Amino acid sequence: MELLLSIIIGFMIIGAIYALHANDLLSALMAAGIVGYSLVICFLLLKAPDLAIVQIVVETITLIYMVAIVLNSSRKELDKGKRRNAFLNISIAVLVAFALVYYFQLAIVNLDVLGEHAPRMAKAYMDGAAEKTGSANLVTGVLFDFRGYDTLGEATILFTAAVGVLTILRIKGRKEKA
Amino acid sequence: MEGMSNIVKKVTQLISGLIFMYGLYIITHGHLTPGGGFAGGAIVAGAFILLILAFGSKALNLKKEENATSVTESSAILIVIILAAIGMAAGGAVFFNNYLPLGRVGELISAGVIPLYNIFIGMEVAAALLTIFLAFVIYKEEVLK
């Protein structure tokens with residue numbers, strides 16, 4: 001289980017690095033798709049079907065958006081190769097990576113084995129949640145009853161995104177009508 | 001945007017209705033099986049996006065569609081907030097209070113207001129994703145001629 005997850009996460013890291021360095025934007029999008037769809041497999045392995053459904057659908061739709069936009073504009077990445085301060089950037093990145101690895105291995109001693117991790121708060125949610133919310137699906141019960149504010153915030157983010165896209169893209173159409 | 005070949009159009013005619021129905025199923029059974037408003041709404045939006053991609057932008061009246069989705073999205077999130085505020089008025093002074101009778105766990109009509117939240121969040125997500133897609137398509141049609 002841990003080995004399988006590690007292999008998939010390794011694939012995700014390779015895909016992300018390739019997406020950063022690809023010259024063709026379409027292949028960068030394909031590499032970003034590797035990251036998203038591998039995350040779906042991770043969610044399925046960790047027994048989170050709700051998240052897996054949301055992730056696979058949203059990943060597909062956003063990939064369609066981005067492919068459509070890339071095909072209609074430039075496929076080449078612009079202004080590449082003008083990197084100043086390369087030595088400084090690389091040394092800062094290496095330093096941060098070493099610091100992260102050091103503190104992670106300090107913290108990893110205190111974690112439980114994968115799968116046996118049950119924080120105190122989760123137990124309080126799980127005990128009798130079906131009776132409290134009346135919902136057979138515990139995830140929906142938590143999302144819409146205990147954590148209603150989170151769901152409202154997510155919906156508000158989508159609303160704001162739609163309003164922002166309309167504001168930016170529809171200026172010309174609205175002006176002609178007026 | 002041009003439509004695709006006849007094969008794609010025929011397959012789209014056959015399966016887009018099924019995708020739409022599956023999205024509705026995911027939304028309405030959100031409190032029983034995995035899924036919920038977000039997943040189901042995204043699937044419903046995907047059915048419409050498939051239709052637009054396959055048949056091209058000439059087949060549909062995009063501006064009318066965009067007005068409709070924009071209004072649907074705004075009213076759906078308004079209804080969610082009103083439902084939550086009614087919970088505050090109905091007792092307990094708690095936002096997002098579950099004030100309807102809970103019913104038996106596992107039945108379709110149970111869990112109080114959670115199915116209503118699922119339905120309206122699903123409407124909101126579907127309409128918002130579709131609005132963004134339609135805005136891109138109309139921008140391409142109008143500005144990038």
Side-chain angles (χ1 to χ4, degrees), chain A residues 47-62 64-66 68-69 71-73 129-152 154-173 176-177, chain B residues 1 23 26 29-40 42-43 45-46 49 53 63 66 69-70 73-74 76-77 80-81 84 87 95-96 98 101-107 110-115 117-118 120-121 124-125 127-129 131-133 135-140 142-144:
Chain A
K47 291 170 190 155
D50 293 80
L51 284 174
I53 293 175
V54 173
Q55 172 69 25
I56 196 166
V57 177
V58 172
E59 174 72 30
T60 309
I61 290 179
T62 48
I64 290 173
Y65 282 179
M66 290 192 288
I69 290 169
L71 286 183
N72 282 313
S73 63
E131 284 74 33
K132 275 185 226 157
T133 63
S135 163
N137 181 5
L138 181 59
V139 178
T140 308
V142 170
L143 271 183
F144 287 99
D145 200 306
F146 297 132
R147 294 283 183 92
Y149 283 111
D150 279 1
T151 310
L152 183 62
E154 287 168 23
T156 316
I157 287 171
L158 259 178
F159 175 72
T160 318
V163 170
V165 169
L166 285 183
T167 315
I168 294 170
L169 291 187
R170 301 283 283 122
I171 292 172
K172 191 169 174 256
E176 276 173 359
K177 203 192 281 177
Chain B
M1 197 157 55
I26 293 260
H29 288 241
H31 56 297
L32 302 177
T33 52
F38 261 84
I43 292 174
I49 289 174
L53 283 179
K63 282 204 180 151
E66 196 209 15
T69 54
S70 190
E73 171 210 23
S74 314
I77 193 156
V80 169
I81 295 177
F95 212 48
F96 280 102
N98 200 342
L102 293 184
R104 269 209 8 247
V105 175
E107 284 186 1
S110 67
V113 278
I114 290 179
Y117 283 136
N118 262 330
F120 287 112
I121 290 281
E124 150 75 19
V125 172
L129 289 176
T131 307
I132 296 174
F133 185 74
F136 281 131
V137 173
I138 294 174
Y139 179 76
K140 195 196 163 196
E142 282 185 351
V143 184
L144 306 177

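Given the structure is predicted, the values throughout are model-derived calculations rather than measurements. All chains are named by letter (A, B, ...) in the order of the sequence lines, taking the proteins before the strands, and each is independently numbered beginning at 1.
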Under the criterion side chain to side chain contact (heavy atoms under 4.5 Å, CB included), which of B:N118, B:L32, B:T33 is the partner of A:T140?
B:N118
Distance col, row A:L51:CG vs B:F38:CZ, nearest 0.5 angstrom, shows 12.0 Å
Once you measure the plane-to-plane angle for A:Y65 and B:F136, does it fall in the parallel (<30°), tilted (30-60°) or perpendicular (>60°) bin?
perpendicular
Part of B:L129 within contact of chain A (heavy atom distance under 4.5 Å):
both
Heavy-atom closest pair, residues A:D50 and B:G35:
OD2-N, 2.9 Å
From OG1 (A:T62) to CD1 (B:I132), nearest 0.5 Å:
10.5 Å
For A:I64, is it the side chain, the backbone, both, or neither that has a heavy atom closer than 4.5 Å to a heavy atom of chain B?
side chain
Heavy-atom cut-off 4.5 Å, strictly under: side chain, backbone, both or neither for B:I138 against chain A?
side chain
So, the part of B:S70 with a heavy atom under 4.5 Å from chain A: the answer is side chain
For B:A42 and A:I61 the tightest heavy-atom approach is O-CD1, 3.3 Å
If you compare all heavy atoms of A:A162 against all heavy atoms of B:E73, which two are closest, and at what distance to 0.1 Å?
CB-OE2, 3.0 Å
Going through the distances and angles, do A:L158 and B:V125 end up as a side-chain contact (heavy atoms from CB on, under 4.5 Å)?
CA-CA 7 Å; A:L158 259 178; B:V125 172; 3.6 Å; yes
To the nearest 0.5 Å, atom OG1 of A:T156 lies from atom CD1 of B:I77 at 4.0 Å
Taking side chain as everything from C-beta outward and backbone as N, CA, C, O, which of these in A:I69 sits under 4.5 Å from a heavy atom of chain B? Side chain, backbone, both or neither.
side chain
For B:I121 and A:A155, which heavy atoms make the closest approach, and how far apart are they?
CD1-CB, 3.8 Å
Against chain B, label A:Q55 side chain, backbone, both or neither, depending on which of its atoms sit under 4.5 Å from a heavy atom there.
neither
